[in-house]
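As structure tokens, the structure follows; a few thoughts come after it.
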Amino acid sequence: MILVTGGLGYLGSHTCVALQRAGLSLLVVDNLANSRIAVLERMRALGGGEVEFVQADVRDRAALDAAMRGRRIEAVMHFAGLKAVGESVARPLEYYDNNLTGTLVLLQAMAAAGVHALVFSSSATVYGEPAFLPYTEEHPLNPVSPYAVTKRGVERLLEDLAAADARFRYAALRYFNPIGAHPSGRIGEDPRGIPGNLFPYLTQVAVGRLDQLTVHGREYDTPDGTGVRDYIHVMDLADGHLAALRHLLEARGSITANLGTGRGTSVLELIAAFERVTGLRVPHAFGPRRDGDIASYYADARLAERALGWRASRGIEDMCRDAWAWQSANPSGYPD
Ligand code: NAD
Ligand code: UD1
């Protein structure tokens, strides 16, 4: 059985479907801070496997001990945490507590229960301003926001723990920009409030919840002047987790790897792809640059391919089609 923290969230729920499809049984721990319970039945139906659920906070050691007791947990996938960069600047205590304390308590509970394998949700934001592109895993690390510092801090903790305990192994996966949804449209990204990220904002404009998209900046040093990112289909990201889990369960050692496609797409290219796939128009206007934004970044994705045998197979149009399947069928997101 695999313990999945934060398994009802955007990335966790899609990964839980892929894990079930691979025949794994799951124990999901989530405090519902940023997710809805309606996800659970949908991911069970899509995955067709066994999913137990415990509503708990990963900082609650007693709750983790109780959840693991009597169950044979082979490995943990740790998605639980807070993820908004801007909010982390405004509320650092909450970010350090959830992301650092949460992981620390989880690792202590794992050690006590004799569980020695962890897949961790890290982020490309650990690299900071690019010294060169694409970012390889050897690129200098310069986390800037409190959020980024928590991600790098956990990576460092995992390195120290693996050095101290030969039984412990981890995969720290540095995600680029996951978008899209399960192709069924039954599960997808459902941010609370006004979305801060480009793609959920775009799909909410397309469905009529928001009036128009603002393109932040049009004079970057990029081919069309708008920001370039490495968007990765959420189901490719889910498959990457399965590959990382196999790597750990086969005792092939610890790894820190990018999960991206290796390709950059600009804001205007993404809007155009979405319009092409859906036949809709996405009203948009240009605004000033957003504070803290980087012009362009994308992954060198070769390490994951070499070491994990995984590589992203879905393209931008798949991401647009599947996100629209979700947003059009669930214009207001999940029911309460
Ligand atoms: P999400 O907010 O949709 O999912 C996180 C889940 O964890 C939610 O269901 C939330 O209720 C739960 N949670 C939060 N704090 C918790 C706690 N203390 N105890 C128990 N449950 C808790 O976010 P997501 O997009 O699915 O991201 C998952 C992970 O991936 C996060 O760690 C995030 O930092 C990381 N990540 C995400 C992205 C991205 O673009 N979405 C990029 C890089 C890294
Ligand atoms: C942000 C986070 C990153 C996190 C990722 C996914 C920062 C600095 N980084 O990345 O850590 O992993 O989200 O959660 O915040 N854009 C618009 N209009 C909008 C929104 C965005 O033009 O309304 C542009 C941005 O300027 C950028 C691109 O779209 O060029 C992508 O933005 P976004 O989706 O917010 O992701 P990142 O900033 O790359």
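Please read these numbers as outputs of a predicted model, since none were measured by experiment. Numbering of ligands and ligand atoms starts at 1, following listing order. Excluded from the calculations below are hydrogen atoms, water molecules and symmetry mates; all remaining heavy atoms, backbone and side chain alike, are included.
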Is the number of heavy atoms from other residues, nucleotides or ligands under 6.0 Å of [X] [atom1] greater than 12?
X    : atom1 : answer
R72  : CZ    : no
R209 : CZ    : yes
D293 : CG    : yes
E250 : CD    : yes
R59  : CZ    : yes

Who gets closest to [atom] by heavy atom: [options]?
atom                    : options               : value
atom 42 (C) of ligand 1 : F79, Y95, Y175        : Y175
atom 5 (C) of ligand 1  : G81, A84, G12, S88    : G81
atom 32 (O) of ligand 1 : H78, E189, K151       : K151
atom 21 (N) of ligand 1 : T5, N31, N197, L32    : N31
atom 16 (N) of ligand 2 : E87, H216, R289, H284 : H216

Please evaluate residues N31 and D60 with respect to the criterion side chain to side chain contact (heavy atoms under 4.5 Å, CB included), reporting the C-alpha separation (whole Å), side-chain torsions for both, the decisive distance (0.1 Å), and the verdict. CA-CA 10 Å; N31 67 359; D60 181 345; over 6 Å; no

Go through the steps for R302 and E305 under the test salt bridge (charged side-chain N to carboxylate O under 4.0 Å, His left out), then give the verdict. CA-CA 5 Å; R302 289 175 301 176; E305 181 163 8; over 6 Å; no

Between Y95 and E87, is any side-chain donor less than 3.5 angstrom from a side-chain acceptor?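 Yes, side-chain donor-acceptor contact under 3.5 Å.
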
Pairing donors with acceptors under 3.5 angstrom, does anything connect the side chains of N197 and R229?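 Their side chains do not contain a donor-acceptor pair, so the 3.5 Å distance test is not met.
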
Return the closest protein heavy atom for [atom] as residue, atom name and distance.
atom                    : result
atom 1 (P) of ligand 1  : N34 ND2, 3.8 Å
atom 8 (C) of ligand 1  : D30 OD2, 3.5 Å
atom 37 (C) of ligand 1 : L11 CD1, 3.6 Å
atom 34 (O) of ligand 1 : Y147 OH, 2.8 Å
atom 19 (N) of ligand 1 : V58 N, 3.0 Å
atom 25 (O) of ligand 1 : K83 NZ, 2.8 Å
atom 40 (O) of ligand 1 : P178 CD, 3.2 Å

Do [X] and [Y] sit within salt-bridge range, that is, some charged N less than 4.0 Å from a carboxylate O?
X    : Y    : answer
E159 : R152 : yes
E317 : R276 : yes
R156 : D160 : yes

Y135 and F176 aromatic ring geometry - parallel, tilted or perpendicular at 30°/60° bounds: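 Answer is tilted, since the angle falls between 30° and 60°.
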
Please verify the inter-ring angle class for W324 with F274; under 30° counts as parallel, over 60° as perpendicular, anything in between as tilted.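 Taking F274 first and then W324, their aromatic rings stand perpendicular (interplane angle over 60°).
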
Subset of ligand 1 atoms that lie under 4.0 Å from at least one heavy atom of [X]:
X    : answer
S121 : 29 (C), 30 (O), 32 (O), 35 (C)
S35  : 8 (C), 9 (O), 11 (O)
S123 : 43 (C), 44 (C)
L8   : 9 (O)

Within the 4.5 Å heavy-atom criterion, are [X] and [Y] side-chain neighbours or not?
X    : Y    : result
L106 : F120 : no
T256 : L303 : no
C16  : L26  : yes
P191 : Q204 : yes

Based purely on interatomic distance, does N177 place a nitrogen or oxygen under 3.5 Å from a nitrogen or oxygen of ligand 2?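 Among all N and O atoms of N177, at least one is under 3.5 Å from an N or O of ligand 2.
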
Hey, is ligand 2 close enough to G227 that some N/O pair sits below 3.5 Å?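 N/O-N/O distance below 3.5 Å does not exist for this pair.
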
Can you sort out which atoms of ligand 2 are near [X], meaning under 4.0 Å from one of its heavy atoms?
X    : result
D293 : 25 (C), 26 (O), 38 (O)
T214 : 17 (C), 18 (N), 19 (C), 22 (O), 23 (O)
V215 : 22 (O)
S123 : 11 (O), 12 (O)
T125 : 11 (O)
G196 : 20 (C), 35 (O)

Can you check whether [X] has an N/O within less than 3.5 Å of an N/O in ligand 1?
X    : answer
F176 : no
Y10  : yes
G9   : yes
A80  : no
S122 : no

Contact between ligand 1 and [X] is defined here as a heavy atom of the residue under 4.0 Å from a ligand atom; is it met?
X    : result
N98  : yes
A56  : yes
R174 : no

Tell me, please, whether Y334 has R36 positioned over its six-membered ring: NZ or CZ under 6.0 Å from the ring centre and within 45 degrees of its axis?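 Verdict for Y334: no cation-pi partner in R36.
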
So, does [X] sit close enough to ligand 2 that a heavy atom of it is under 4.0 Å from the ligand?
X    : value
Y231 : yes
F199 : no
K83  : no

Hey, mind stepping through S254 and L158 against side chain to side chain contact (heavy atoms under 4.5 Å, CB included) and telling me if it holds? CA-CA 9 Å; S254 294; L158 299 177; over 6 Å; no

Any protein heavy atom sitting closer than 4.0 Å to atom 21 (C) of ligand 2?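 Yes.
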
Hey, do the aromatic rings of H241 and F79 have their centres closer than 6.0 Å?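 So the answer is yes for these two rings.
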
Please classify the Y175 to ligand 2 contact at 4.0 Å (heavy-atom distances, strictly less than): side chain, backbone, both or neither.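 Within the 4.0 Å criterion, Y175 makes no contact with ligand 2.
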
